[in-house]
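First up is the structure itself, then whatever we jot down about it.
What you are looking at is a predicted structure, and each value in this text was computed from that prediction instead of being measured. We count ligands from 1, going down the list as the structure has it; atoms in each ligand are counted the same way.
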Amino acid sequence: MSTEKHTVRTIQEMKDRGEVITMLTAYDYPVAKQINDAGIDMILVGDSAAMVVHGFPNTLNATMDMMVLHCAAVARACTRTMVIADMPFGSFQYSIEETMRNAARFVTDARVDGVKFEATPNHIEKTKAIVQMGIAVVGHVGLHPQAVGALGGLKAQGRTVETARKVVSEALALQEAGAFAIIFEAVPAKLSTFITKKLRVPTISIGGGPGCSAQLLVTYDVLGMFDTFTPKFAKKYANFNKLMAETFAQYRQEVIEHKFPTDEHSYGVSDEVMYEMEKEFGKAE
Ligand code: KIV
């Protein structure tokens with residue numbers, strides 16, 4: 001495993017060599033460090049932070065300040081893994097200039113390697129503008145969780161001719177606009193395989209099936225730390241919630257039973273110091 005920091009070039013080279021690219025989400029330093037050290041190629045600091053870390057019902061409550069803080073912590077941990085910031089709702093929907101400023105803030109204040117946003121045909125000019133600033137952009141087609149209100153729920157996209165055409169044409173337009181990779185969320189596997197063969201840039205699947213160039217999952221799903229909502233595409237590799245529940249119960253029990261702390265976890269002091277304390281303040285009952 002190479003220790004070289006991933007860039008748009010090395011990610012493209014992996015796709016060209018036919019190597020599968022691995023990607024997870026992260027929101028803080030310790031988890032990002034484990035992901036980096038495990039050799040995962042890319043991290044998305046997703047606006048899923050609003051749900052899995054902050055307890056909001058959807059991603060719409062993520063803010064620039066919230067995301068910059070998470071991104072900065074993640075970026076400090078990543079010596080090898082490429083870090084992509086997810087632009088939150090309201091940070092790229094208005095003017096091109098405001099979108100450019102917000103993208104730049106992720107690079108200057110959080111030191112990420114690129115940004116991603118839920119791009120519709122309205123965002124092609126914004127993608128071009130950010131790429132022209134020199135910032136790497138990841139596009140995102142298929143299911144847009146930020147559009148949960150308009151969609152009436154988080155449903156798979158591209159299962160009709162009309163919506164499949166939308167997914168394919170948006171992906172092609174994003175590549176043309178300069179996106180260096182494109183996320184396919186909750187898109188039929190055959191459709192993502194079809195687009196992956198048509199595109200030059202890597203495709204990233206989160207519910208896009210095995211034919212994409214990269215696989216992405218939300219880390220809290222992988223670790224079994226988020227039970228509120230589990231999409232069809234999520235796979236739980238561990239049960240950290242169970243582990244935490246057992247650990248916290250054990251801690252509580254030991255404290256209640258005076259089994260913790262023992263001398264092993266306490267600081268010592270000489271008899272002389274205690275003698276002087278008793279002399280000055282009187283004996284403790
Ligand atoms: O916020 C996030 O984790 C995402 C992925 C679901 C693509 O945007």
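What sits closest to atom 4 (C) of ligand 1 on the protein, heavy atoms only, is Leu44 CD2, 3.6 Å.
Contacts between Thr59 and ligand 1 below 4.0 angstrom, taking non-hydrogen atoms only, are absent altogether. Contact annotation: for Asp47 versus ligand 1, heavy atoms closer than 4.0 Å belong to both the backbone and the side chain.
When all heavy atoms of Ser48 and Val218 are compared, the closest pair comes out as OG-CG2, 4.3 Å.
Arg159 pairs by the side-chain contact (heavy atoms from CB on, under 4.5 Å) definition with Ala156, Pro188, not counting sequence neighbours.
Aromatic pair His140/Phe117: ring centres not closer than 6.0 Å. Ring-centre distance between Phe240 and Tyr220: not below the 6.0 Å cut-off.
Glu257 has no carboxylate O lying under 4.0 Å from a charged side-chain N of Arg252, or vice versa, which leaves the two without a salt bridge. A salt bridge does not link Glu162 to Lys166: none of the charged side-chain nitrogens sits closer than 4.0 Å to a carboxylate oxygen.
Ligand 1 is never approached by Glu118 to a heavy-atom distance shorter than 4.0 Å. Ligand 1 is approached by Thr25 to a heavy-atom distance shorter than 4.0 Å.
The contact set between ligand 1 and Gly46, taken as ligand atoms under 4.0 Å from a residue heavy atom, comprises 1 (O), 2 (C), 3 (O). The distance from ligand 1 to the heavy atoms of Ser48 drops below 4.0 Å at these ligand atoms: 1 (O), 2 (C), 3 (O). Under a 4.0 Å criterion applied to the non-hydrogen atoms of His140, ligand 1 contributes the atoms 7 (C), 8 (O). Interface atoms of ligand 1 facing Glu185, defined by a heavy-atom separation under 4.0 Å, are 6 (C), 7 (C). Per-residue contacts place Ile206 under 4.0 angstrom from the following atoms of ligand 1 (heavy atoms of the residue considered): 6 (C), 7 (C). Interface atoms of ligand 1 facing Lys116, defined by a heavy-atom separation under 4.0 Å, are 8 (O).
Tyr275 does not carry Lys279 over the face of its six-membered ring by the limits of under 6.0 Å from the centre and within 45° of the normal.
Annotation: side chain to side chain donor-acceptor pair (under 3.5 Å) contacts involving residues 54-66, sequence neighbours excluded, comprise His54-His70, Asp65-Arg105.
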